[in-house]
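Following: one structure in structure tokens, then a few remarks.
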Amino acid sequence: MAFLLKAFADLSTVELHAIYAARVAVFVVEQQCPYQEVDAADVQALHVFRMEAGEVAAYCRLIPHETAVHLGRVLVAPAWRAQKLGRELVAFALDVARQRWPEMAVYAQAQEYLQAFYASFGFVATSAVYLEDGIAHIDMMIAGGQGAR
């Protein structure tokens with residue numbers, strides 16, 4: 001199945017429930033990070049996801065700001081991780097960002113262990129490693145006009 005791209009208002013209640021269930025399962029339960037996972041950015045975001053058998057197999061969101069687009073909440077459900085969906089997801093999301101906001105930088109708060117993964121798309125580190133919710137992260141960015149497949 002192909003990736004879907006929807007604004008918040010265009011998500012069905014079933015899709016929104018599946019997205020929130022997947023995000024909480026990965027970011028709160030699996031990573032043991034109790035935090036307010038659902039936030040106001042969801043309303044402004046474009047939601048990129050792939051559904052398989054009624055569940056979210058892969059998901060991320062793109063949040064446009066004044067000077068950059070934030071790529072966030074990137075996840076692949078455990079059952080789909082061996083299928084390289086993360087690579088397909090990020091490539092698709094970057095293509096969307098380049099089409100919609102070609103001159104804007106794309107920013108990601110990457111978990112440190114994924115730095116090489118994001119670098120393979122053209123992201124470069126823009127911060128030192130820091131802890132967020134007890135997990136090592138690093139800020140990474142692709143300058144505007146770059147990062148397409």
Side-chain angles (χ1 to χ4, degrees), residues 3-8 11 15-52 55-149:
F3 284 102
L4 300 172
L5 175 68
K6 294 191 176 188
F8 185 81
L11 292 168
E15 290 167 334
L16 184 59
H17 179 269
I19 287 167
Y20 285 160
R23 286 177 19 186
V24 168
V26 171
F27 299 122
V28 178
V29 177
E30 180 182 329
Q31 296 181 357
Q32 300 177 1
C33 288
Y35 73 105
Q36 184 60 49
E37 204 292 318
V38 176
D39 61 22
D42 283 326
V43 178
Q44 291 94 30
L46 286 178
H47 301 269
V48 179
F49 59 103
R50 180 178 290 178
M51 299 289 291
E52 297 288 349
E55 295 183 355
V56 170
Y59 170 87
C60 70
R61 66 183 185 180
L62 293 167
I63 307 164
H65 296 282
E66 287 183 24
T67 60
V69 178
H70 182 201
L71 171 67
R73 300 293 202 271
V74 179
L75 73 84
V76 176
W80 298 94
R81 290 183 183 155
Q83 315 234 347
K84 307 290 185 200
L85 278 185
R87 181 156 292 286
E88 291 179 40
L89 173 68
V90 172
F92 182 87
L94 288 175
D95 284 347
V96 169
R98 289 297 152 244
Q99 290 168 13
R100 292 188 180 229
W101 308 284
E103 298 307 314
M104 293 180 80
V106 179
Y107 166 79
Q109 286 179 288
Q111 291 186 14
E112 181 191 23
Y113 81 96
L114 292 169
Q115 183 174 357
F117 171 79
Y118 284 100
S120 74
F121 291 97
F123 282 90
V124 296
T126 59
S127 76
V129 175
Y130 59 92
L131 289 180
E132 182 160 324
D133 298 316
I135 297 174
H137 281 74
I138 188 165
D139 294 342
M140 300 187 79
M141 187 170 288
I142 296 176
Q146 300 178 22
R149 281 197 267 189

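Every heavy atom of this structure was used, including side-chain atoms; hydrogens, water molecules and symmetry mates were not.
Using a 4.5 Å heavy-atom cutoff, the side chains of L75 and Q31 are not in contact. The side-chain heavy atoms of R87 and S120, taken from C-beta on, include a pair separated by under 4.5 Å. V106 has its side chain within reach of F123: a pair of non-hydrogen atoms, C-beta onward, lies under 4.5 Å apart. By the 4.5 Å heavy-atom criterion applied to side chains, E52 and Q83 are not counted as neighbours. In this structure, P78 and E30 have side chains that are in contact, with non-hydrogen atoms separated by less than 4.5 Å. Side-chain contact check for F121 versus L71: every heavy-atom pair is 4.5 Å or farther apart.
Of all heavy-atom pairs between M140 and A119, the closest is CE-N, 4.1 Å. Across all their heavy atoms, D133 and C33 have their closest contact at O-SG, 3.3 Å. Taking both residues in full, the closest heavy atoms of V56 and I19 are given as CG2-N, 3.7 Å, listed atom of the first, atom of the second, then distance. Heavy atoms only, all atoms of each residue included: A58 and F3 are closest at CB-CE2, 4.1 Å. F49 approaches L11 most closely through the heavy-atom pair CE2-CD2, 3.6 Å. The two residues E112 and I138 make their nearest non-hydrogen contact at CA-CG2, 4.4 Å.
Looking at H70, its side chain never comes within 3.5 Å of a backbone N or O of A68 through a donor-acceptor pair. With hydrogens and angles ignored, the 3.5 Å screen pairs a side-chain donor or acceptor of R73 with a backbone N or O of E37. A donor-acceptor contact shorter than 3.5 Å links the side chain of R98 to the backbone of M104. For the pair H47 (side chain) and L4 (backbone), a donor-acceptor distance under 3.5 Å is absent. When atom types are taken as modelled, the side chain of D39 and the backbone of A41 share a donor-acceptor pair closer than 3.5 angstrom.
One finds the CG atom of D139 at 3.5 Å from the OH atom of Y130 (value rounded to the nearest 0.5 Å). Taking CG of L62 as the reference point, atom CD of Q44 lies at 13.5 Å (rounded to 0.5 Å). Between the CG atom in L85 and the CZ atom in R50 there is a gap of 5.0 Å [rounded to 0.5 Å]. Atoms CG and CZ, on L16 and F8 in that order, are 5.0 Å from each other to the nearest 0.5 Å.
Results of the side-chain contact (heavy atoms from CB on, under 4.5 Å) test with V74 over F117, Y118, Y59 single out Y118 as the only residue that passes.
Around NE2 of H17, the count of heavy atoms belonging to other residues, nucleotides or ligands within 6.0 Å does not exceed 12.
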(message) What verdict does the side-chain contact (heavy atoms from CB on, under 4.5 Å) test give for W80 and E55, after you've listed the backbone C-alpha separation in whole Å, the side-chain angles of each residue and the deciding distance to 0.1 Å?
(response) CA-CA 11 Å; W80 298 94; E55 295 183 355; 5.9 Å; no
